[in-house]
Novice: 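One structure, as C-alpha cells, below. Some questions next.
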Amino acid sequence: MRTPIVAGNWKMNNTAAEARRLTYELLTDLQAVQGVERVLCPPFTCLQAVSELLHDTGIGLGAQNLHWEPKGAYTGEVAAAMVAEFCQYVIIGHSERRAYFGETDETVNKKVHAALNAGLTPIICVGETLEENQAGQTAEVVSRQVNAALHGLEAGAVSRLIIAYEPVWAIGTGLAATPEIANQVIADHVRGPIAAAFGDQAAQAVRVQYGGSVKPANARAFFSQPDIDGGLIGGASLKAADFIAIVRAATG
Ligand code: PGA
C-alpha cells in the first residue's frame, strides 16, 4: 500500500509573516490527520519561519524549485544543499516554470539528480497543455516528460520519488480532469514508462499525485482512484479550511 501524500503549493503568494499565520491556522488539524503524508511548499523566503513551526510536527516542508549546480556564480538561484537545510521535499518542473522560466526536460532531469543527491524527495510535475490535449498528444507528452525526468536514475531512487500529474489546462482554471481519465493517464503514461524503464516494482512503488483544481468537493473522487496517491494543491492550499478538508479526503 502506498501512503497518500498531499502537498500545498503556495506559489508566490506569501510573505514570511503571512506564511507563519497560515501555518498556525493549519497546524493542529493537519497534525491530527493520520495515514497521509502532509507537506507545505511556501516561497523560499518563508522556509526558515515555516520550518521552525513545523519542527517535530510530522508535517513536511518543501521548496518550489532549486538549481542543479552545488554553488557558484548563479545570481538569484538556490542550490539543493541550501534547500535541504530546511526542507525534505522540492517541487521540480512545475508547468509554470516550464511555461514562464524556460524549464526544459533536461533541466528537470538535472534538478532531480541534484535533489536526490542532497537527500531531498523531488515532487516532479508532468502534464500536457490544452493544445497538446486537444491534439491527442497527452500520451506522448506525459511519457516523454516522465522518461526525461528520470533519465540516469536507479530503480531504487525512482521508487522513492513523487510524481505529480497536472494537466496544464486544469491548473488554476477550475477545470479539473475527470478522476477516471486522470487515473488512466497515470496508469498508462506515468507508471507505464516507469515499468518499462525501471521494472514493475518501481512503477508500483512510486507515488503519483493528481494536481489541477483539486477542491474539497472533488478531492475524494480523485484520491479514491487506484493509481492516484494524493494531490498537489495550489489555490485551495491557501485556505486553511479547504486544505484540511482536502487532506482529510485522502484518508480514504
Ligand atoms: P491549482 O494548482 O490547485 O490552483 O489548480 C495546482 C498546482 O499548480 O500545483
Side-chain angles (χ1 to χ4, degrees), residues 4-14 18-19 22 26 30 36-44 46-47 50 60-66 87 89-103 108 111-112 115 120-130 132-133 138 141-142 145-146 149 161-179 181-183 185-186 190 207-223 225 228-250:
I5 170 163
V6 178
N9 174 10
W10 293 359
K11 307 192 180 181
M12 195 178 76
N13 285 302
N14 326 78
E18 288 163 347
L22 182 53
L26 288 164
L30 271 192
V36 181
E37 217 165 296
R38 297 134 294 166
V39 183
L40 305 180
C41 305
F44 283 127
C46 310
L47 291 176
V50 175
L61 185 63
Q64 299 173 14
N65 186 27
L66 48 61
C87 297
Y89 304 84
V90 60
I91 298 171
I92 295 176
H94 191 279
S95 65
E96 288 150 17
R97 297 215 56 86
R98 293 180 192 254
Y100 310 142
F101 302 104
E103 194 85 83
V108 168
K111 291 179 181 192
V112 169
L120 292 160
T121 298
I123 299 175
I124 305 168
C125 302
V126 299
E128 80 286 2
T129 64
L130 182 61
E132 291 162 344
N133 183 281
T138 300
V141 169
V142 174
Q145 290 175 339
V146 169
L161 294 172
I162 316 292
I163 297 180
Y165 169 58
E166 302 201 300
V168 179
W169 47 272
I171 296 176
T173 57
L175 296 174
T178 69
I181 291 174
N183 189 72
V185 173
I186 289 169
V190 178
R207 286 180 295 169
V208 187
Q209 301 171 310
Y210 169 77
S213 295
V214 176
K215 307 286 177 220
N218 64 13
R220 194 174 288 273
F222 283 104
F223 301 162
Q225 294 290 326
I228 297 180
D229 308 308
L232 183 57
I233 318 302
S237 73
L238 295 167
K239 297 180 200 131
D242 284 5
F243 188 62
I244 289 160
I246 290 169
V247 170
R248 286 190 182 129

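Heavy atoms only: backbone and side chains are in, while hydrogens, waters and symmetry mates are out. Count residues from 1 along the sequence. Read the numbers this way: they start at 1 and go in the same order the structure lists the ligands and their atoms.
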Novice: Tell me, which residues have any heavy atom less than 4.0 Å from some atom of ligand 1?
Specialist: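 Contacting ligand 1 under 4.0 Å are N9, K11, H94, E166, A170, I171, G172, G212, S213, L232, I233, G234, G235.
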Novice: Shortest non-hydrogen contact from N65 to K111?
Specialist: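 The answer is OD1-NZ, 2.8 Å.
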Novice: What residues, two or more places apart in sequence or in another chain, satisfy salt bridge (charged side-chain N to carboxylate O under 4.0 Å, His left out) together with E37?
Specialist: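 E37 satisfies salt bridge (charged side-chain N to carboxylate O under 4.0 Å, His left out) with R207 only.
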Novice: Check V185, I228, I186, L161 against V208 for a side-chain contact (heavy atoms from CB on, under 4.5 Å) and give me the one that passes.
Specialist: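 Result for side-chain contact (heavy atoms from CB on, under 4.5 Å) with V208: I186.
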Novice: Only one of Q64, E18, K11 clears side-chain contact (heavy atoms from CB on, under 4.5 Å) with P43; which?
Specialist: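 Testing P43 for a side-chain contact (heavy atoms from CB on, under 4.5 Å) against Q64, E18, K11 leaves exactly one candidate, Q64.
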Novice: Could you pull out all residues at least two apart from Y165 that satisfy ring pair (Phe, Tyr, Trp, His ring centres under 6.0 Å)?
Specialist: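 Expected list: none.
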Novice: What residues form a salt bridge (charged side-chain N to carboxylate O under 4.0 Å, His left out) with K215, not counting sequence neighbours?
Specialist: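 Not a single residue meets the salt bridge (charged side-chain N to carboxylate O under 4.0 Å, His left out) criterion with K215.
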